[in-house]
Amino acid sequence: MTARQHTGVLPRPSPATALMASLLPARAVAAEAFGDGHDEDWFGQLLPAEARLMAGAGEKRRRDFAGARVCARRALRTLGYAPVPLLPGPRGEPRWPDGVVGSLTHCAGYRAAVVARPGPGLAGVGIDAEPHAPLDADVLEMVASPAERAHLALLARTRPGVHWGRLLFCVKEAVFKAWYPAARCELGFLEAEVRFTPGGPHSTHGPHSTHGARGAYGTHGMHGTVTATLTRAGPFTAVSGRWRVAGGVIATAVVI
């Protein structure tokens, strides 16, 4: 595999922007930004070691790297941490301060970071986001087992509003981000067997809201839970999490 709200430098969020936070346990802190940062000086907010690392990178890579780290430092500040460089490890994973677990993600129009102090029930976390769009058939063949493809086909018949192949890919990326810092070894796409449980339309008041189904994202918000069973020997054998499709973005979060 490849690898709560905030104010100030990032655009002030409305209830509609609490996308990643809605997938996480309360003890985890999320910060996110919508848009591509063209009107924000994300690169100017990198610390010197980060800026040197990105000096020769292309514009998109610089924007993705910087936007995710702006989000990460916002989240870390909520936990009481001073700004520190968040440099990538050997598989691109961020090197968090001691006593912190976390995960970063970025896709077109969206950046997010999640951090937490590890403890019982939250030893690690992985997040991912993707545009809500179909996944190429050849990519699905590569990342999904026959049982998973049958599972997705059934979901597509009963819940046709979700691009299930893309969601599967997104979940497996999140699983790898939780796996690698603990295992320090690779995890193949076919070494995580994923099962989805859909919920209903997601409102800004939460999945169990009595305020109706439209919410700030209209009728396109869908959510649910996910489990992944791992077939490779390692520090854990299963993960669970949540997913949500809203505002043109698929977001997933898993915890170990």
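Applying the ring pair (Phe, Tyr, Trp, His ring centres under 6.0 Å) rule to Phe43 yields no partners; only residues at least two apart in sequence or on another chain are considered. Under the side-chain contact (heavy atoms from CB on, under 4.5 Å) criterion, Ala150 pairs with no residue at all, not counting sequence neighbours. Residues meeting the ring pair (Phe, Tyr, Trp, His ring centres under 6.0 Å) test with Trp179, sequence neighbours left out: Phe236. Take Thr231 and apply the side-chain contact (heavy atoms from CB on, under 4.5 Å) test, not counting sequence neighbours, and it matches Glu191. Evaluation of the salt bridge (Lys or Arg N to Asp or Glu O under 4.0 Å) rule for Arg69 yields no partner, not counting sequence neighbours. Under the side-chain contact (heavy atoms from CB on, under 4.5 Å) criterion, Ala153 pairs with Arg157, not counting sequence neighbours. A search for salt bridge (Lys or Arg N to Asp or Glu O under 4.0 Å) contacts involving Arg62 returns nothing, not counting sequence neighbours. The ring pair (Phe, Tyr, Trp, His ring centres under 6.0 Å) search around His106 returns none, not counting sequence neighbours. A search for side-chain contact (heavy atoms from CB on, under 4.5 Å) contacts involving Pro160 returns nothing, not counting sequence neighbours.
Residue pairs meeting the salt bridge (Lys or Arg N to Asp or Glu O under 4.0 Å) criterion with at least one member in residues 138-156, sequence neighbours excluded, are Glu141-Arg149, Glu148-Lys172. The ring pair (Phe, Tyr, Trp, His ring centres under 6.0 Å) analysis of residues 46-99, with sequence neighbours excluded, yields no pairs.
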In residues 115-129, what donor-acceptor pairs under 3.5 Å come from side-chain atoms, sequence neighbours left out?
from	atom 1	to	atom 2	distance (Å)
Arg117	NH2	Leu79	O	2.3
Asp128	OD1	Thr105	OG1	3.4
Asp128	OD1	Lys177	NZ	2.9

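When only modelled atom types and interatomic distance are considered, Arg242 and Thr252 share no side-chain donor-acceptor pair under 3.5 Å.
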